[in-house]
Amino acid sequence: MLRLFVTPPLAPSVLIEATENQAHYLGTVMRRSPGDDIHLFNGHDGEWSARIETLGRGKGLFRVDRLLRPQAGDTDVWLAFALLKRDTTDLVVQKATELGVAALLPVVTERTNAARVNEDRLRAIAVEAAEQSERMTVPMIQPPRKLADVLTFWPADRPLFAALERTDAPPIHPVPGPCGLLIGPEGGFGPRDYALLERAPTLRPVGLGPRILRAETAAIAGLALLQATGWR
Ligand code: SAM
């Protein structure tokens with residue numbers, strides 16, 4: 001069943017306008033027609049069945065039918081990751097969304113080359129991954145911020161697991177409740193980053209094994225481990 005993320009409120013009989021991309025996807029890519037059923041979610045109102053009422057070039061209307069799943073509580077893990085090359089950043093956003101993160105925080109570190117992202121593009125990737133993975137929310141994506149700022153404004157009640165290679169940091173032991181995972185850039189954290197990390201009160205250094213993982217692998221492995229003792 002095709003699932004689409006929409007922004008308007010969902011309730012019985014409500015009519016929802018398709019975006020241009022959704023109309024193109026449904027009509028041209030997936031060959032759907034008026035009368036076909038789809039599922040809709042908006043991050044607040046649960047998942048609903050809906051019927052395609054009209055579908056034309058770049059336009060369409062959906063009629064909401066009935067609630068299929070009430071809104072579920074969300075995984076409360078934030079992923080703070082040093083910005084990577086474009087394709088790798090895309091991959092991290094896609095996989096982290098599948099793995100249920102509530103928020104993505106791109107970080108600028110000493111050895112990060114990029115300082116900007118195309119937020120619309122990252123949001124589109126997250127929406128598609130949420131649709132595909134049957135989650136009922138789309139993670140919040142923050143604009144890139146310097147590591148110092150991310151650490152300064154990090155909430156005191158949210159432990160931050162910092163993945164540090166080549167240290168004797170212990171493995172991840174998931175905690176109940178909110179937490180975060182911090183992954184460094186391709187070149188690793190630099191000396192100024194380490195000085196900041198040492199002063200961060202919520203920081204919990206963790207290791208991900210004896211091998212040096214690419215940053216994107218470390219992000220995926222760390223998030224999977226945070227969920228290893230139950231669905232968060
Ligand atoms: N600069 C390093 C080097 O010289 O090979 C590699 C950095 S690694 C490619 C990128 C990030 O992935 C690191 O900053 C760290 O956050 C994470 N990472 C990779 N392997 C790890 C491991 N075994 N344990 C913990 N974190 C790891």
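This chain uses plain numbering: 1 for the first residue, then up along the sequence. Counting starts at 1 for both ligands and their atoms, in listed order.
Geometrically, Arg158 engages Trp78 in a cation-pi contact, judged by NZ or CZ lying under 6.0 Å from the ring centre and within 45° of the ring axis.
Near Gly187, with a cut-off below 4.0 Å to any heavy atom, the atoms of ligand 1 are 1 (N). Distances below 4.0 Å separate heavy atoms of Ile212 from the following atoms of ligand 1: 5 (O), 6 (C), 20 (N). Close contacts of ligand 1 with Gly188, meaning ligand atoms under 4.0 Å from a residue heavy atom, involve 1 (N), 7 (C), 14 (O).
The main-chain N or O of Leu105 is never found under 3.5 Å from a side-chain atom of Gln142 such that the two would form a donor-acceptor pair. Within the 3.5 Å criterion, the main-chain N or O of Ala129 finds a donor-acceptor partner in the side chain of Ser133.
Other residues, nucleotides and ligands contribute at most 12 non-hydrogen atoms within 6.0 Å of the CZ atom of Arg214. No more than 12 heavy atoms of other residues, nucleotides or ligands sit less than 6.0 Å from atom CD of Glu20.
Put simply, the side chain of Glu165 does not reach to within 4.5 Å of the side chain of Leu208, judged on heavy atoms.
The residue from Thr167, Val206, Leu213, Thr217 that puts a heavy atom closest to atom 19 (C) of ligand 1 is Leu213. Taking all heavy atoms of Glu165, Arg111, Arg211 into account, the minimum distance to atom 23 (N) of ligand 1 is reached by Arg211. Taking each of Glu186, Arg166, Arg214 in turn, the one with a heavy atom nearest to atom 3 (C) of ligand 1 proves to be Arg166. Taking all heavy atoms of Ala218, Ala221, Gly209 into account, the minimum distance to atom 12 (O) of ligand 1 is reached by Ala218.
A salt bridge does not link Arg3 to Glu131: none of the charged nitrogens lies less than 4.0 Å from a carboxylate oxygen.
Under a 4.0 angstrom heavy-atom cut-off, Pro185 registers as being in contact with ligand 1.
What sits closest to atom 16 (O) of ligand 1 on the protein, heavy atoms only, is Ala163 O, 2.7 Å. Closest to atom 11 (C) of ligand 1, if we only count protein heavy atoms, is Gly184 O, 3.6 Å. Looking only at protein heavy atoms, the nearest one to atom 24 (N) of ligand 1 is Leu208 N, 2.9 Å.
Here Leu68 contributes atom CG and Trp48 contributes atom CH2; the two are 9.0 Å apart, rounded to the nearest 0.5 Å.
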